[in-house]
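What follows is a single structure, written as structure tokens, with notes after it.
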Amino acid sequence: MKVVKTFNFDIAHLLDGHDGKCKNLHGHTYRLEVEVTGPVITEGPKMGMVIDFADLKSIVEELVIEPMDHAFLYDSTNDRESEIAKLLDGWKMKTYAFAHRTTAENISSHILTKLRSRIEGVSRVRLWETPSSYSECIFNEDY
């Protein structure tokens, strides 16, 4: 059985060295779909559920939404992006250090890893960067 819950949040970022418009500081309203796969619980207060949607919401908000929403997500391995983050931090503005380039592909992989640390059954995340573009990261034990 699979269940999916959707979330929305906003992030500012840039892709330093990119050969298109995304080299500039910009933002997206991301739509995140989190899929949880597993057996239906057969007894107790969660009987009939794969996971309680309220529990899933609480964990996603704690691990993803709260730290990332309305933050400047930056590649902490990139000197220019780190310099921008340092300036924003000095102004007490929200930043989120990320050890990779801040592409939709890397962000969706990061989110999957974070969520699987708390919910073993998270099998897929789909991160919509625009209404017509998304990255999907699927849990696979082989990689």
Side-chain angles (χ1 to χ4, degrees), residues 1-41 44-46 48-143:
M1 180 67 69
K2 295 179 181 182
V3 294
V4 177
K5 186 153 181 65
T6 303
F7 305 86
N8 293 294
F9 58 102
D10 298 291
I11 292 176
H13 77 135
L14 61 94
L15 299 175
D16 189 35
H18 183 62
D19 60 358
K21 294 189 289 184
C22 292
K23 67 183 175 188
N24 297 303
L25 182 60
H26 63 285
H28 299 280
T29 296
Y30 289 90
R31 186 173 85 211
L32 173 66
E33 297 175 15
V34 178
E35 176 185 275
V36 179
T37 303
V40 173
I41 300 165
K46 310 291 185 182
M49 302 176 180
V50 172
I51 187 171
D52 187 323
F53 283 121
D55 295 340
L56 178 57
K57 178 182 179 184
S58 176
I59 293 167
V60 171
E61 285 183 350
E62 175 190 341
L63 297 180
V64 178
I65 307 301
E66 180 60 33
M68 290 184 178
D69 186 37
H70 283 83
F72 171 60
L73 183 67
Y74 69 99
D75 180 353
S76 62
T77 69
N78 179 285
D79 291 340
R80 285 168 45 104
E81 292 183 32
S82 294
E83 191 66 29
I84 294 168
K86 184 178 175 183
L87 178 65
L88 294 173
D89 286 338
W91 290 339
K92 307 292 187 227
M93 298 180 87
K94 191 173 178 182
T95 63
Y96 186 95
F98 192 70
H100 305 281
R101 199 168 199 206
T102 59
T103 62
E105 295 87 342
N106 286 337
I107 298 168
S108 64
S109 177
H110 175 75
I111 290 171
L112 179 68
T113 299
K114 285 186 76 75
L115 293 178
R116 283 197 55 85
S117 73
R118 291 275 295 279
I119 308 168
E120 185 177 316
V122 175
S123 51
R124 173 184 65 84
V125 298
R126 179 177 286 172
L127 184 68
W128 293 84
E129 190 170 75
T130 70
S132 62
S133 305
Y134 70 82
S135 169
E136 181 173 84
C137 191
I138 300 170
F139 176 71
N140 183 334
E141 291 184 19
D142 295 335
Y143 60 86

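In this text the structure is predicted, and so the values were computed from the model without any measurement.
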For the backbone of [Y] and the side chain of [X], can you confirm whether one donor and one acceptor N or O come within less than 3.5 Å of each other?
{"X": "S109", "Y": "N106", "result": "no"}
{"X": "S108", "Y": "A104", "result": "yes"}
{"X": "S58", "Y": "A54", "result": "no"}
{"X": "S133", "Y": "T130", "result": "no"}

Does a side-chain heavy-atom distance below 4.5 Å link [X] with [Y]?
{"X": "V125", "Y": "L115", "value": "yes"}
{"X": "I111", "Y": "L32", "value": "yes"}
{"X": "H26", "Y": "H13", "value": "yes"}

- For I11 and F9, what are the C-alpha separation, side-chain angles and deciding distance, and is it a side-chain contact (heavy atoms from CB on, under 4.5 Å)? CA-CA 7 Å; I11 292 176; F9 58 102; 3.4 Å; yes
Which atom pairs, one a donor and one an acceptor, fall under 3.5 Å between side chains of residues 60-69 and the rest of the protein, sequence neighbours left out?
unit_1	atom_1	unit_2	atom_2	d
E62	OE1	R118	NH1	3.3
E62	OE1	R118	NH2	3.3
E62	OE2	R118	NH1	3.1
D69	OD1	D10	N	2.8

Which heavy-atom pair separates [X] from [Y] by the least distance, and what is that distance?
{"X": "L25", "Y": "A12", "value": "CD1-CB, 4.4 Å"}
{"X": "A85", "Y": "F72", "value": "N-CE2, 3.9 Å"}
{"X": "I107", "Y": "T102", "value": "CD1-O, 3.7 Å"}
{"X": "F139", "Y": "V122", "value": "CB-O, 3.9 Å"}
{"X": "R124", "Y": "L112", "value": "N-CD1, 4.2 Å"}

For the [atom1] atom of [X] and the [atom2] atom of [Y], what is their distance to the nearest 0.5 Å?
{"X": "K46", "Y": "I41", "atom1": "NZ", "atom2": "CD1", "result": "7.5 Å"}
{"X": "D16", "Y": "S82", "atom1": "CG", "atom2": "OG", "result": "10.0 Å"}
{"X": "K114", "Y": "I59", "atom1": "NZ", "atom2": "CD1", "result": "12.5 Å"}
{"X": "E83", "Y": "L88", "atom1": "CD", "atom2": "CG", "result": "10.5 Å"}

- Quick check: are there more than 12 heavy atoms from other residues, nucleotides or ligands sitting under 6.0 Å from CG of N24?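 Correct, the count exceeds 12.
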- Item | Exercise: do E35 and S123 side chains pair donor with acceptor under 3.5 Å |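 Side chains of E35 and S123: pair found under 3.5 Å.
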- Query: Is it true that the side chains of Y30 and E129 contain a donor and an acceptor less than 3.5 Å apart?
  - Reply: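 Yes, side-chain donor-acceptor contact under 3.5 Å.
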- Item | Sequence-distant partners of F98, ring-ring contact (aromatic ring centres under 6.0 Å, His included), two or more places apart | H100, H110
- Query: Does the cation-pi check pass for R31 over Y134, that is, NZ or CZ under 6.0 Å from the six-membered ring centre and within 45° of its axis?
  - Reply: no
- For E81 and L14, what are the C-alpha separation, side-chain angles and deciding distance, and is it a side-chain contact (heavy atoms from CB on, under 4.5 Å)? CA-CA 8 Å; E81 292 183 32; L14 61 94; 3.5 Å; yes
- Message: Would E33 and W128 count as a side-chain contact (heavy atoms from CB on, under 4.5 Å) here? Give the steps.
- Response: CA-CA 8 Å; E33 297 175 15; W128 293 84; 3.0 Å; yes
- Task: Could you give me the CA-CA distance, side-chain angles and deciding distance for L15 and T103, then say whether side-chain contact (heavy atoms from CB on, under 4.5 Å) is met?
- Result: CA-CA 8 Å; L15 299 175; T103 62; 4.1 Å; yes
- Query: Between D52 and K57, is there a side-chain N and carboxylate O pair less than 4.0 Å apart?
  - Reply: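 No, D52 and K57 are not salt-bridged.
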- Message: Under the salt bridge (Lys or Arg N to Asp or Glu O under 4.0 Å) definition, can you give me all pairs with a residue in residues 86-103, not counting sequence neighbours?
- Response: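 As it turns out, there is no salt bridge (Lys or Arg N to Asp or Glu O under 4.0 Å) pair with a partner in residues 86-103 once direct neighbours are skipped.
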